[in-house]
Q: 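Below is a structure I'd like to ask you about.
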Amino acid sequence: VMNVAVVAINTLAGKPIIIRDTGKAILINAQNESEIWIPKSQVWFMSTTANLHLVMPIWLAKKNGLQFSAQSEDAITTAMNDGIASQYFN
């Protein structure tokens with residue numbers, strides 16, 4: 001079972017989370033109001049009633065200096081199957 005990074009996204013007042021979408025990548029407002037390009041093939045959204053998170057490989061979160069919690073891929077799949085998390089982004 002592979003671990004993935006679950007990155008909490010700040011929903012900044014008046015600022016969109018996705019700034020730009022090129023079809024292959026998204027430019028997002030991430031933590032500390034930084035703007036980061038993320039390949040759509042490497043990321044998907046997980047939304048719960050209280051939070052919005054990006055799920056991505058741990059190496060990608062580290063490369064972009066994002067704070068994250070490591071979760072098992074199985075736990076994320078279970079959340080999606082239970083309707084707690086959204087579908088894959090791309």
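This one's a predicted model, so the numbers in the text were calculated from it and none came from an experiment. FYI, the numbering just counts along the sequence from 1.
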Q: Given side chains that start at C-beta, do those of K62 and F68 come closer than 4.5 Å, heavy atoms only?
A: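 Yes. Closest side-chain heavy atoms under 4.5 Å.
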Q: Looking at A5 and P57, what are the two nearest heavy atoms and their distance?
A: CB-O, 4.1 Å
Q: Exactly one of V4, V7, N3, V6 should register a side chain to side chain contact (heavy atoms under 4.5 Å, CB included) with S69. Which one does?
A: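 With S69 as partner, side chain to side chain contact (heavy atoms under 4.5 Å, CB included) holds for just one option, V6.
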Q: Distance from I38 atom CD1 to L66 atom CG, nearest 0.5 Å?
A: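 I38 CD1 to L66 CG: 6.0 Å, rounded to 0.5 Å.
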Q: Among V43, D21, L54, which residue meets the side chain to side chain contact (heavy atoms under 4.5 Å, CB included) test with I28?
A: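 Testing I28 for a side chain to side chain contact (heavy atoms under 4.5 Å, CB included) against V43, D21, L54 leaves exactly one candidate, L54.
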Q: Out of curiosity, I36 CD1 to K63 NZ, how far, rounded to the nearest 0.5 Å?
A: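 So the gap between those two atoms works out to 10.5 Å.
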Q: Between atom CH2 of W59 and atom CD of Q42, what is the distance when rounded to the nearest 0.5 Å?
A: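 Going from CH2 on W59 over to CD on Q42, the span is 5.0 Å.
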Q: Any heavy-atom pair between the side chains of N64 and W37 that's under 4.5 Å?
A: no
